[in-house]
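For reference, the structure discussed in these notes is given below.
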Amino acid sequence: IGALLQADNGKLYGVTKKGGDHDMGVLYQYEPVNNIFAVLKHFDGANIGAEPHKGPVQASNGKIYGACFKGGNQDKGTLYEYDVDLNSINRIHDFTGSPDGEFPNCRLIDAGSGMLYGTTELGGISNLGTIFKYDLNLDALSIVYEFSGNDGKFPMCRILQHTNGYFYGITSGGGNADRGTLFRFNPVSNELNKLTDFHGEDYGEIPRSSPVSGPNDNIFVMTYTGGAFGNYCILYEFDTQENIFDKKFDFGASENGAVPRGGLCLANDGMVSFS
């Protein structure tokens, strides 16, 4: 489950939600040149974490980091660190609910300067989710934003670090219609602005796909439901300069497919692809 990471050693790293010695997931490695697969670590609950939902990332220090949805001292999720050279894994943070959030359900981003960012699906003052920052230099986590409802709730996807310096993300609930929001976050001031309320045919509902950058630095996202054909979702483009929302495509017609659940990616030819 989740995206694969190609590390600087050329190998691929990924996680499974279940299986392994404790049926709580594993961290695995695949070497494409020699076609060699290996399980590196077994998630175990309290010590490391359990059920990693999204793929790992490699930070500038060469180590691999990720989030576990459950596990830790309070079974509310963890952050882990894997040392490629030493083949060792450590739990570096236990989530507790309030004030630091619970159930991290995201792939982390390396924002540079030793800072990792991510989201928790719940926790915070209103128990509606948080944005957190982990400082690798200080080995410390801090909450930089807590969702309150109208601005969104239940963030479940990776934040996009845009070339304009802002972060863009989605929530699967909250907003005016309680069907999710698109937001922009300023990592310097820790201010969040809601950009779009998802609702109905024109905007789609319940986005669950991480934003990706497209041509002209615009961003693309898919919703989980909504659109012209009912609960089959839409693809939309957001103009980051003009702050304009533009629906691009309605899924649901038989010849075009329906209910896409894969992630988006920007290909080398400038086309945005998905499944």
Side-chain angles (χ1 to χ4, degrees), residues 1-2 15 17 24-25 43-57 65-81 90-111 115-136 138-161 167-175 178-187 189-194 197-198 206-211 224:
I1 192 170
V15 295
K17 179 181 176 182
M24 296 180 182
F43 293 99
D44 60 358
N47 291 324
I48 305 172
E51 299 187 11
H53 277 201
K54 304 294 169 68
V57 299
Y65 295 87
C68 288
F69 187 68
K70 295 182 180 179
N73 289 331
Q74 299 192 33
D75 200 27
K76 294 182 177 181
T78 67
L79 296 182
Y80 64 86
E81 174 189 79
N90 294 299
R91 183 186 77 231
I92 57 175
H93 185 77
D94 283 289
F95 289 94
T96 61
S98 181
D100 65 345
E102 60 184 280
F103 304 140
N105 192 7
C106 68
R107 191 181 188 194
L108 303 174
I109 64 168
D110 181 2
M115 300 297 175
L116 302 176
Y117 282 82
T119 61
T120 64
E121 189 173 337
L122 295 176
I125 292 177
S126 302
N127 198 32
L128 299 177
T130 70
I131 302 174
F132 64 83
K133 175 178 66 177
Y134 189 85
D135 190 326
L136 295 175
L138 300 177
D139 292 326
L141 182 141
S142 58
I143 293 299
V144 294
Y145 192 79
E146 297 170 286
F147 290 92
S148 59
N150 184 61
D151 52 358
K153 63 182 181 181
F154 313 146
M156 298 175 61
C157 295
R158 189 185 198 190
I159 297 171
L160 169 68
Q161 185 178 15
F167 296 163
Y168 292 84
I170 57 96
T171 66
S172 61
D178 199 22
R179 307 302 284 175
T181 65
L182 171 71
F183 64 82
R184 181 181 65 200
F185 177 74
N186 186 331
S189 64
N190 292 339
E191 294 179 333
L192 183 142
N193 296 105
K194 182 177 65 174
D197 288 287
F198 292 97
I206 313 177
R208 290 185 180 177
S209 173
S210 298
Y224 190 73

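If you're wondering where the values come from, they're calculated on a predicted model, not measured in any experiment.
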Can you check whether Phe167 reaches Ile131 side chain to side chain, under 4.5 Å on heavy atoms?
no
Would you please name every residue forming a ring pair (Phe, Tyr, Trp, His ring centres under 6.0 Å) with Tyr134, sequence neighbours left out?
none
Side chains of Phe103 and Thr120 in contact at under 4.5 Å (non-hydrogen atoms)
no
Return all side-chain donor-acceptor pairs below 3.5 angstrom for residues 147-158, not counting sequence neighbours, or 'none' if the list is empty.
| residue | atom | partner | partner atom | Å |
| --- | --- | --- | --- | --- |
| Ser148 | OG | Asp151 | OD1 | 3.3 |
| Asn150 | OD1 | Lys194 | NZ | 3.4 |
| Asp151 | OD1 | Ser148 | N | 2.9 |
| Asp151 | OD1 | Gly149 | N | 3.1 |
| Asp151 | OD2 | Tyr145 | OH | 2.4 |
| Lys153 | NZ | Asp178 | OD1 | 3.2 |
| Arg158 | NE | Leu108 | O | 3.0 |
| Arg158 | NH2 | Leu108 | O | 3.1 |

Decide yes or no for Leu136 and Leu116: does some side-chain heavy atom of the first lie under 4.5 Å from some side-chain heavy atom of the second?
yes
side-chain hydrogen bond (donor to acceptor under 3.5 Å, both in side chains) against Asn190, all qualifying residues, sequence neighbours excluded:
none
With sequence neighbours excluded, what pairs up with Glu81 under the salt bridge (Lys or Arg N to Asp or Glu O under 4.0 Å) test?
Lys63
Using side-chain hydrogen bond (donor to acceptor under 3.5 Å, both in side chains) as the criterion, list what pairs up with Asn186, not counting sequence neighbours.
Ser189
Quick one: side-chain hydrogen bond (donor to acceptor under 3.5 Å, both in side chains) partners of Asn90, sequence neighbours excluded?
none
With sequence neighbours left out, what residues match Tyr80 under ring pair (Phe, Tyr, Trp, His ring centres under 6.0 Å)?
Phe43
Under a 4.5 Å cut-off applied to non-hydrogen side-chain atoms, are Phe183 and Thr171 in contact?
yes
Side-chain touch Phe69/Lys17, heavy atoms, less than 4.5 angstrom
no
I want to check something: taking the side chain as every heavy atom from C-beta on, are Asp110 and Gln161 in contact at a cut-off of under 4.5 Å?
no
Just to verify, what does Arg184 make a side-chain contact (heavy atoms from CB on, under 4.5 Å) with, not counting sequence neighbours?
Tyr166, Tyr168, Asn193, Leu195, Asn243
Set of side-chain hydrogen bond (donor to acceptor under 3.5 Å, both in side chains) partners for Arg179, sequence neighbours left out
Glu205
Salt bridge (Lys or Arg N to Asp or Glu O under 4.0 Å) contacts in which one or both residues fall within residues 43-57, not counting sequence neighbours
Lys18-Glu51
Please enumerate all residues that pass side-chain contact (heavy atoms from CB on, under 4.5 Å) together with Thr78, with sequence neighbours excluded.
Cys68, Arg91, Asp94
Drop me the distance from Ile159's CD1 to Phe185's CZ, to the nearest 0.5 angstrom.
7.5 Å
